[in-house]
Amino acid sequence: MSATSINIINDLESRGLVSQMTSGDELKTFLSRSRTLYSGFDPTAESLHIGNLVPLLALRRFQLAGHKPIALVGGATGLIGDPSFKASERQLNASDVVEGWVERLKGQVSQFLEFDGGANSAIVVNNLDWVKGVSVLNFLRDVGKHFSVNAMIQKDSVKQRLEREGAGISFTEFSYMILQSYDFAELYNRYGCTLQIGGSDQWGNITGGIDLARRMYKAQVYGLTIPLVTKADGQKFGKTETGTIWLDAAKTSPYTFYQFWLNAADADVYTYLKYFTFLDVATIHDIEVADMAERGKPQAQSILAREVTQLVHGAEGLAAAERISRALFTGDTNTLSREDCEQLKLDGLPNTLLIGGRKNIVEALVETGLASSNKMAREFIANTAVAVNGACVDSPDFDLRIEASLFGKYAIIKRGKKMFHLVCFGA
RNA sequence: GGAGGGGUUCCCGAGUGGCUAAAGGGAUCAGACUGUAAAUCUGACGCGCGAGCUUCGGUGGUUCGAAUCCACCCCCCUCCA
């Protein structure tokens with residue numbers, strides 16, 4: 001094993017990325033040589049979202065520091081459902097659906113890691129591979145025997161489910177901890193994996209795995225958790241009016257993704273730079289100092305948006321996002337060329353094909369999803385919140401007309417200050 | 001299996017026969033102010049242009065009238081066995 005270049009723990013700590021870890025100083029020493037670590041991602045949807053990005057990027061940080069990362073996709077655990085800090089029991093997903101999600105997630109996690117075949121080349125695994133063959137009796141005898149229910153019910157992660165009036169937990173979800181623990185022990189056995197990282201809600205599951213590895217293999221393994229991303233105003237991170245911000249470009253366009261970061265609050269943006277980018281801490285500090293000195297608009301948001309969009313959607317995705325943003329927010333939409341309009345569509349600006357040469361604005365707002373009902377559409381118009389091709393719509397009787405479109409084909413509807421939709425007239 | 005408690009509009013949560021589309025809070029959206037911020041203020045927040053219509057786990061009753069009463073069913077929780 002080769003020595004690592006930098007001390008990853010110190011780096012993570014300086015970024016505020018360490019929530020808890022087992023035997024801190026010992027772990028730092030342990031990591032002075034190249035080690036194998038893992039983090040798990042359960043298939044609870046067809047794509048990962050930005051909340052998954054922090055541990056994912058942490059794996060990358062470890063790899064850059066010379067360690068070998070394993071990204072585990074939970075084909076087995078995804079069938080069970082992690083109860084950690086969840087207020088209520090979750091609906092089980094169909095197994096064939098989860099199977100499909102596993103494949104999607106494998107691809108997603110891979111894009112953040114290096115598979116160069118070198119000593120610390122990354123590995124992607126699926127825990128279903130070792131869980132599916134285990135018989136219930138063997139599992140209960142060989143694994144379950146190492147767990148004390150008394151200890152399990154002490155974990156904070158399930159406490160509210162056990163104590164809160166009106167809540168409850170099924171045996172299925174209660175067993176989740178054991179499955180995840182078994183993963184850690186198994187990865188130790190297979191790959192010499194000695195560290196598990198995850199969000200701070202995973203602490204209970206991680207320590208469970210550490211105990212199991214010791215009992216089954218007399219192994220000393222470690223755990224480290226990363227803070228969950230929060231917003232300074234206490235709201236839930238990663239949601240917008242349109243919903244979750246996904247990593248999959250088909251579910252959240254690079255433009256929407258870019259806009260999400262651009263809209264980060266001042267109170268959060270420097271933290272996010274540390275969490276979500278690879279800019280070093282000193283650079284981020286300099287940005288903050290410069291922003292403080294300027295009275296106007298800070299630079300941090302646009303740097304953040306550029307960095308993260310580039311990371312997730314690549315240079316092309318970033319270019320597309322910036323093109324749209326520039327066109328919609330800095331220029332007059334009427335200055336757009338025909339090619340620009342076509343490009344907006346290709347770049348992922350939400351768009352709708354309109355058959356026929358005329359459409360009432362209220363209907364159009366509903367059909368494009370800019371308003372949830374006719375009633376809401378009328379309200380937006382009454383509040384002068386709707387504009388078509390830059391001109392405010394002042395009546396619900398207004399029609400989108402092909403004669404008044406851009407280049408005989410396009411109309412850009414704006415609702416509120418930030419929502420845009422491209423309408424394309426078609427035959 | 002027994003006893004008890006509960007399921008209300010996105011969430012929490014009032015509401016025990018008409019004055020209830022249903023208090024209050026949160027979230028969300030729009031407008032003003034701004035930096036495509038924050039804070040603040042204003043408005044909206046089931047559907048319908050409207051008269052009005054459809055909602056309070058489900059079904060069926062009682063009643064002039066039900067989220068509220070009755071019956072059965074489904075689901076959740078607690079305790080006992």
Side-chain angles (χ1 to χ4, degrees), chain A residues 83 86-92 158-174 230-245 255-273 287-288 290-306 309 321-333 349-350 360-363 365-366 368-387 390 392-399 412-421:
Chain A
K86 299 283 190 317
S88 57
E89 187 84 10
R90 292 199 286 171
Q91 196 74 37
L92 291 175
V158 294
K159 222 161 210 168
Q160 68 164 324
R161 293 282 288 279
L162 297 170
E163 293 176 352
R164 188 186 170 207
E165 178 78 13
I169 185 168
S170 66
F171 179 72
T172 307
E173 285 197 6
F174 190 60
T230 56
K231 288 177 67 172
D233 59 10
Q235 289 168 18
K236 197 169 167 61
F237 170 77
K239 302 275 189 195
T240 65
E241 185 192 356
T242 359
T244 305
I245 303 296
Y255 159 70
T256 305
F257 187 87
Y258 177 88
Q259 284 289 324
F260 171 81
W261 297 106
L262 196 65
N263 281 294
D266 292 3
D268 294 318
V269 70
Y270 306 101
T271 304
Y272 292 174
L273 281 169
I287 295 169
E288 186 168 2
D291 281 345
M292 297 282 263
E294 287 283 323
R295 275 199 305 284
K297 186 182 177 182
Q299 293 303 300
Q301 277 85 350
S302 63
I303 294 169
L304 176 70
R306 268 206 305 279
T309 307
E322 290 190 311
R323 251 194 322 269
I324 299 183
S325 299
R326 223 179 2 255
L328 298 180
F329 288 97
T330 64
D332 180 351
T333 46
L349 181 68
N360 175 261
I361 186 65
V362 173
E363 291 172 37
L365 284 167
V366 174
T368 54
L370 290 174
S372 56
S373 66
N374 291 2
K375 196 177 181 174
M376 292 306 292
R378 285 167 200 282
E379 192 195 317
F380 286 135
I381 293 167
N383 289 342
T384 64
V386 179
C392 183
V393 173
D394 55 7
S395 161
D397 297 326
F398 178 90
D399 285 333
I412 295 174
I413 306 179
K414 176 179 169 192
R415 189 220 74 200
K417 295 216 164 24
K418 302 177 192 175
M419 289 288 286
F420 293 90
H421 198 101

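A note on names: the letters A, B, ... follow the listed sequences, proteins ahead of strands, and every chain is numbered from 1. Model, not experiment: these values are computed from the prediction.
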Counterpart residues, side-chain contact (heavy atoms from CB on, under 4.5 Å), relative to A:Lys297 (two or more places apart): none
Span that lies between the P atom of B:U20 and that of B:G58, in whole angstrom: 23 Å
Polar atom pairs (N or O), protein with nucleotides 33-36 of chain B, under 3.5 Å:
unit_1, atom_1, unit_2, atom_2, d
B:G35, O6, A:Asp266, OD2, 3.1
B:G35, N1, A:Asp266, OD1, 3.3
B:G35, N1, A:Asp266, OD2, 2.7
B:G35, N2, A:Asp266, OD1, 2.8
B:U36, O2', A:Asn263, OD1, 2.9
B:U36, O2', A:Lys418, NZ, 3.2
B:U36, O2, A:Gln259, OE1, 2.9
B:U36, N3, A:Gln259, OE1, 2.9
B:U36, N3, A:Gln259, NE2, 3.2
B:U36, O4, A:Gln259, NE2, 3.3

Span that lies between the P atom of B:U36 and that of B:G43, in whole angstrom: 26 Å
Partners passing salt bridge (charged side-chain N to carboxylate O under 4.0 Å, His left out) against A:Asp266 (at least two apart in sequence or in another chain): none
Partner nucleotide of B:G43 by Watson-Crick or wobble geometry (both distances under 3.5 Å): B:C29
Distance, rounded to the nearest Å, where A:Tyr272 contributes OH and B:A37 contributes P: 16 Å
Same-atom distance (P) from B:A27 to B:C75, integer angstrom: 36 Å
Side chain A:Thr309, main chain A:Arg306, donor-acceptor under 3.5 Å: no
Assigned partner base of B:C56, Watson-Crick or wobble definition, under 3.5 Å: none
Strand partner of B:U68, provided both Watson-Crick or wobble distances fall under 3.5 Å: none
Nearest-nucleotide comparison on RNA chain B, the residue closer to the 5′ end among A:Arg161 and A:Val386: A:Val386
Assigned partner base of B:A51, Watson-Crick or wobble definition, under 3.5 Å: none
I'd like a table of atom pairs between the protein and nucleotides 45-50 of chain B - only N or O on both sides, under 3.5 Å - with the distance next to each one.
unit_1, atom_1, unit_2, atom_2, d
B:C47, OP1, A:Ser373, OG, 3.4
B:G48, OP1, A:Asn374, N, 3.0
B:G48, OP2, A:Ser373, OG, 3.4
B:G48, OP2, A:Lys375, N, 3.0
B:C49, OP1, A:Arg378, NH2, 3.2

Whole-angstrom distance between B:G15 and B:C56, as gauged at atom C1': 10 Å
B:C45 to B:C10 separation - C1' atoms, rounded to the nearest Å: 11 Å
Separation of the P atoms in B:G46 and B:A51, to the nearest angstrom: 16 Å
All side-chain contact (heavy atoms from CB on, under 4.5 Å) counterparts of A:Lys231, not counting sequence neighbours: A:Asp233, A:Gln235, A:Phe237, A:Asp268, A:Tyr272
Pairwise P distance for B:A21 and B:U54, with rounding to whole Å: 13 Å
Length of the line joining A:Asn383:CG and B:G31:C1', which is rounded to integer Å: 6 Å
Counterpart base for B:U9, defined by Watson-Crick or G-U wobble contacts under 3.5 Å: none
Base partner of B:A21, which must satisfy Watson-Crick or wobble distances under 3.5 Å: none
Which residues share a salt bridge (charged side-chain N to carboxylate O under 4.0 Å, His left out) with A:Glu379, sequence neighbours left out: none
Test log, rule side-chain contact (heavy atoms from CB on, under 4.5 Å), inputs A:Met419 and A:Phe380: CA-CA 12 Å; A:Met419 289 288 286; A:Phe380 286 135; over 6 Å; no
Any strand: nucleotide that pairs with B:U78 via Watson-Crick or wobble, under 3.5 Å: B:A3
Verdict with reasoning, A:Lys86 to A:Glu173, per salt bridge (charged side-chain N to carboxylate O under 4.0 Å, His left out): CA-CA 10 Å; A:Lys86 299 283 190 317; A:Glu173 285 197 6; over 6 Å; no
Under 4.0 angstrom between A:Arg415 side-chain N/O and B:A30 OP1 or OP2: yes
P atoms of B:C19 and B:G52, separation to the nearest Å: 15 Å
Residue list, salt bridge (charged side-chain N to carboxylate O under 4.0 Å, His left out) with A:Arg378, at least two apart or on another chain: none
Separation of atom CD in A:Glu89 from atom C1' in B:G7, rounded to whole Å: 17 Å
side-chain contact (heavy atoms from CB on, under 4.5 Å) assessment of A:Glu89 paired with A:Ile169: CA-CA 6 Å; A:Glu89 187 84 10; A:Ile169 185 168; 4.3 Å; yes
A:Leu370 CG to B:A30 P, straight-line distance once rounded to whole Å: 11 Å
Residue list, side-chain contact (heavy atoms from CB on, under 4.5 Å) with A:Gln299, at least two apart or on another chain: A:Asp291, A:Ser302, A:Ile303
A:Ser372: partners by side-chain contact (heavy atoms from CB on, under 4.5 Å), with sequence neighbours left out: A:Met376
